[in-house]
There are 2 protein chains.
Amino acid sequence: MIRPTNAELAILGVLWQRGPSTVRDVHEALRAARGGVVGYTTVLKLLQIMTEKKLVKRDTRSRTHVYAAAVSEATTRDHLLSDLVDRAFGGSSLALVLQALSTTRATPAELEQIRRLLDERKGDSR
Amino acid sequence: MIRPTNAELAILGVLWQRGPSTVRDVHEALRAARGGVVGYTTVLKLLQIMTEKKLVKRDTRSRTHVYAAAVSEATTRDHLLSDLVDRAFGGSSLALVLQALSTTRATPAELEQIRRLLDERKGDSR
DNA sequence: TGACAAGTACGAAGTCTTTCGTATTTTGCA
DNA sequence: TGCAAAATACGAAAGACTTCGTACTTGTCA
């Protein structure tokens, strides 16, 4: 159900990082982050749409509305991952993990981090 | 560059599985696989578009054209993964792997498979 | 108080995806 | 030979995304 589009993800990224923000905040963050050639009213419109979709919450108490993410980053990532698993990996999360592992560039420390996670789950079929 | 849409992925899935196929083949495979309520000419049109996009190759020697995937499954998966990494994981493949691992349901055997892959890459910063 | 700045709301246009209907072409065979 | 079946080509429509212009509202301060 939670499947933010591209532009929506960019905005959620800002909200996750900055916390509750005004349109202006988001607009400037986007402009700073990337070559964000996106107009102010575009961001406003997107936030309005995202409010309808319940992706963000809007506080209208002050004239300048304040928006906050209504979905967590982890949950959203989960949804996007399982979406991709369904669409391109025949429903197999394992296939995705293996593919990601086999092409990702990881430092030894990172490999170790993965190994630790595996250890925690040893014999755990969750 | 290789970013098949949803419908395109479904078709590529058939081509990867069946090998070179006619429109009719693909159409029937889709209909069989899912509740594939998709018309014959829809599949045809998609294959034509995919030919333009170089996602498939078309052999027109016989009247009934034969289509074959022009992109490999592994490469396509890579592209989709790195796309998702960029869009939703701040560019960190590691973050994606960790997230996928922490929510995926894996049997001990599967965990072992992952561990073996890690072993192969030990000290390998590729 | 009245004009300007800063906000929000809204509609509309452009692009992409997906879908299919219709027209046209080709082939096989009765 | 000529018709029906099977194919391909093409255009167009509907929906989703993204973008922004324009209109309207509200608050500030000279």
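Labels below follow one simple rule: chain letters A, B, ... track the order of the sequence lines, proteins then strands, and each chain is numbered from 1.
- In this structure, B:L9 places its CG atom 13 Å from C1' of C:dT17, rounding to the nearest Å.
- Checked for salt-bridge contact, B:R77 and B:E73 meet the test: a charged N lies under 4.0 Å from a carboxylate O.
- Listed nucleotides D:dT18, D:dA9, C:dG11 differ in distance to B:H65; the shortest reach to its side chain belongs to D:dA9.
- Neither OP1 nor OP2 of C:dT19 sits under 4.0 Å from any side-chain N or O of B:Y40.
- An OP1 or OP2 oxygen of D:dC20 is reached within less than 4.0 angstrom by no side-chain nitrogen or oxygen of A:T41.
- For the side chain to side chain donor-acceptor pair (under 3.5 Å) test, no residue two or more places apart in sequence or in another chain qualifies with A:T76.
- Between A:R24 and C:dA6 there is no side-chain polar atom (N or O) within less than 4.0 angstrom of OP1 or OP2.
- Note that the NE2 atom of A:H79 and the OG1 atom of B:T103 stand 10.5 Å from one another [nearest 0.5 Å].
- Taking every heavy atom of both residues into account, A:A70 and A:K57 meet most closely at CB-N, 4.0 Å.
- Comparing C:dC20, C:dA12, D:dA9 by their closest approach to the side chain of B:K45 singles out C:dC20.
- Remark: B:T5 is in phosphate contact with C:dT18, judged by side-chain N or O atoms under 4.0 Å from OP1 or OP2.
- Of the residues in residues 46-63 of chain B, those lying under 4.0 Å from DNA chain D by heavy-atom distance are B:Q48, B:R58, B:R63.
- In this entry the distance linking CG of B:L44 with C1' of C:dT26 reads 15 Å, nearest Å.
- Summarising the geometry of A:L94 relative to B:T104, their closest heavy-atom pair is N-OG1, 4.3 Å, with the distance given to 0.1 Å.
- Between the CD atom of B:E28 and the P atom of D:dA7 there is a distance of 9 Å, rounded to whole Å.
- OP1 and OP2 of D:dT18 both lie 4.0 Å or more from every side-chain N or O belonging to A:T42.
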Exercise. Using the salt bridge (charged side-chain N to carboxylate O under 4.0 Å, His left out) rule, take B:R31 and B:E28 through it: C-alpha gap first, then chi angles, then the decisive distance, then the call.
Key: CA-CA 5 Å; B:R31 186 170 292 271; B:E28 274 161 15; over 6 Å; no

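- Following rounding to the nearest Å, B:R3 (CZ) and C:dT15 (P) show an atom-to-atom distance of 19 Å.
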Exercise. Could you go through the side-chain contact (heavy atoms from CB on, under 4.5 Å) check for A:V23 and A:H65 one step at a time?
Key: CA-CA 8 Å; A:V23 177; A:H65 299 176; 5.9 Å; no

